[in-house]
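A note on names: the letters A, B, ... follow the listed sequences, proteins ahead of strands, and every chain is numbered from 1.
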Amino acid sequence: MSGPNDALVALFRELAELTVLDEGSPNAFRVRAYENAREAIQTHRGDLSALSERELTQIDGIGKSTAKKIREFFDAGKISKVDKLREKYPPAFVELSKIPGLGPKTLLRLRDELDIHNVVDLRAAISDQKLRELKGLGAKMEEKLSQAIDRMGLTGKDKRTPIAEALPIARALVSELASLPEVEHAQYCGSLRRFRETVADIDIVVASEKPVEVMDKFVNFAGVRDVIGHGETKTSVLTSSGLQVDLRIVEAHQFGAACQYFTGSKAHNIKLRQRAMDRGWLLNEYGLSDAESGKVIASETEQEIYEALELTLVPPPMREDHGEIEQAQAKALTPAVKLEDLKGDLHVHTSLSGDGKSSLEEIVASAAERGYTYLAITDHGEDLALNGVSCEKLREQRKQIDVLAGQYPKMRLLQGVELNIGPEGGLDYDEAFRRELDWCVAGVHSHFDLDAKLQTQRILRAMEDPTVDAIAHLTGRKIGSRPGIELDIDAVLQKAVETRTAIEINAALPRLDAASDVLFRARDLDVTIVINTDAHHTRELARMEWGALQATRGFVDPARVANSWPRKKFLDWVENRRALKS
DNA sequence: GCCGTTTTCGGCCCGACTGTTTTCAGTCG
């Protein structure tokens, strides 16, 4: 998402990165302060440039010094502290810090004692066996770093994997682990469980009384290419696709604590541990316990741990320290959107679309099996090359839908279409024909490289059209492969409120569009949300689960999700909003 | 660098694994 403070966020990220080197530790208090400041800037709604130094310090996480830097950025276009650090640590040197296993302390010694300033220097020093001359370093370290450099492109510390790639791998590993006779429970945790759109690695927690046996079997799984570390309770491996997987094993009564601990986020857990400390307790991966006596207070389930800390259980996708702890303390936590809340799917394709794989009959039958009480068929509008559908074909489809409707009395079938938003906001067909349809979603399928102003205009114009009920996959992004269109998000959300146009959460893993930070930004606005699968095959109707998690991650109140509403309420809403727009 | 019904100083989350240090520092998550 592009926002007014993006450049500032990037600068603070760099400031934190450079300060890790300057302080010699990623846990240095100054580093954490900069990271907190970046988080505060990132989650702040509205333009910071209008705020004075004093007003800036009112924001949680921003003190006097950070406020000064922010003002300097807006007034002078730079932060001199960053410039100074950049001189001290040039990019080629910072690049070295991305090598796994090489931390700031060793890195600075390599520079000061061996005059190593970049990857080329490091490679030379390793082949000359210079590193082992340093106290505390040896041949093993040279070997380890040499390998790390070789596979750096594949598994550098910064490399992130799209959720669409990581989630299936994690699910396969968890199910393979769960099938072992020694394993009682298995769960993937970490950023994947929080449903972040990209992940650095996969964290898996297993409960077992026989950790050694489980570890030995795990490192021999077919998908494991390389073993990075192998202990009794913790093992790290690389999969054949280069993804790092960390496995932790605890006893069954510690499973909840371990899942909580390894799900994070770091910021969420720090706050939780501070809460534990305030009560004279200790919170770690084995449980919540009394700091003095060591007596365990809660450990078996996450629910018990949150309750002991006087919090309602926070769903994993919300654990980012975005206000969820304060909400949970006040017993006012935004409820999670649950799969069973969703009563219909409002964006599905059939084989009538060139890219659809299942027939109308198959899609309708599968939707009925899921217990839906309404379903909108939305094949591609005619403007989409190859896959679009003419109005004659849609009129024929209408007849088929009417026949099918008789066979599924419990499910209301809507005939809709997925319109293409043209470069200037134009739509398929003519308005009279679009009005014949029960439900229209409209999305961007072309012209991804216009500037932000033009992109915003085309979306706003589409939303003003009386026949557009929802905007599908807001930015058109494909996570990890295609950036979304540039948009003025606040203007789009404002227009969505004005025109009562719903914003879709597209549940396809490569899309997850609108992004959770866009949803988070809309949390206090009266924006209607719809969660859709964009299924092109019956099996893709199951994606709805991901849509619910994405909504939860964006703090979307279930009451604002139109397809969680009972059928009558939903149909009335469609009718009313169309009347209003006309 | 931030923060404060323990407030303007002195705190700031916790533990496993590795390598080479015979008692622990560095790195990572």
Would you measure the distance from the [atom1] atom in [N] across to the matching atom in [M] and give it in whole Å?
N: B:dC2; M: B:dT7; atom1: C1'; value: 13 Å
N: B:dA16; M: B:dG11; atom1: P; value: 26 Å
N: B:dG15; M: B:dG10; atom1: C1'; value: 25 Å
N: B:dT22; M: B:dG26; atom1: P; value: 15 Å
N: B:dC9; M: B:dC14; atom1: C1'; value: 25 Å
N: B:dC17; M: B:dC12; atom1: P; value: 26 Å
N: B:dG1; M: B:dT8; atom1: C1'; value: 14 Å

What is the distance from [atom1] of [X] to [atom2] of [N], rounded to the nearest Å?
X: A:Q244; N: B:dG29; atom1: CD; atom2: P; result: 6 Å
X: A:R248; N: B:dA16; atom1: CZ; atom2: P; result: 6 Å
X: A:I270; N: B:dC14; atom1: CD1; atom2: P; result: 10 Å
X: A:K135; N: B:dT23; atom1: NZ; atom2: C1'; result: 12 Å
X: A:E232; N: B:dC17; atom1: CD; atom2: P; result: 7 Å
X: A:K105; N: B:dC24; atom1: NZ; atom2: P; result: 16 Å
X: A:E23; N: B:dG26; atom1: CD; atom2: P; result: 15 Å
X: A:R109; N: B:dA25; atom1: CZ; atom2: P; result: 13 Å

Under 4.0 Å, heavy atoms only, any strand: does [X] hit a base, just the sugar-phosphate, or nothing?
X: A:A257; result: nothing
X: A:K68; result: nothing
X: A:G264; result: nothing
X: A:K64; result: sugar-phosphate
X: A:P104; result: sugar-phosphate
X: A:Y34; result: sugar-phosphate
X: A:D60; result: sugar-phosphate
X: A:D246; result: sugar-phosphate
X: A:L282; result: sugar-phosphate

Mapping A:L283 and A:G138 to their closest nucleotides on DNA chain B, which lands nearer the 5' end?
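Looking at the nearest nucleotide for each, A:L283 comes out on the 5' side.
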Closest to the 5' end of DNA chain B, once A:R32 and A:G24 are matched to their nearest nucleotides, is A:R32
Which one is paired to B:dT8, where only Watson-Crick or G-U wobble pairs with both distances under 3.5 angstrom count?
none
Is there a stack between A:F29 and B:dC12, judged by ring centres under 5.5 Å and planes under 30°?
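Stacked: centres under 5.5 Å apart, planes under 30°.
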Short side-chain N/O contact to [N] OP1/OP2 from [X], under 4.0 Å:
X: A:S236; N: B:dC17; value: no
X: A:T66; N: B:dC2; value: yes
X: A:K234; N: B:dC28; value: no
X: A:Y286; N: B:dA16; value: yes
X: A:N284; N: B:dG15; value: yes
X: A:K266; N: B:dC14; value: no

Under 4.0 Å between a side-chain nitrogen and a carboxylate oxygen: does that hold for [X] and [Y]?
X: A:E302; Y: A:R193; value: yes
X: A:D203; Y: A:R248; value: no
X: A:E285; Y: A:K234; value: no
X: A:E326; Y: A:K271; value: yes

Calculate, to the nearest 0.5 Å, the distance between atoms CD1 and CD belonging to A:I70 and A:E53 respectively.
9.5 Å
Going from CZ on A:R319 to CD1 on A:I325, what distance comes out if it is rounded to the nearest 0.5 angstrom?
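Spacing of CZ (A:R319) from CD1 (A:I325) equals 10.0 Å.
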Of the nucleotides [options], which has the atom closest to the [X] side chain?
X: A:T106; options: B:dG29, B:dT20, B:dG26; value: B:dG26
X: A:Q274; options: B:dG1, B:dG15, B:dC12; value: B:dC12
X: A:D201; options: B:dG1, B:dG29, B:dC17; value: B:dG29

Counting heavy atoms not belonging to A:D60, are there more than 12 under 6.0 Å from its CG?
no
Any donor-acceptor pair under 3.5 Å linking the side chain of A:S299 with the backbone of A:H253?
yes
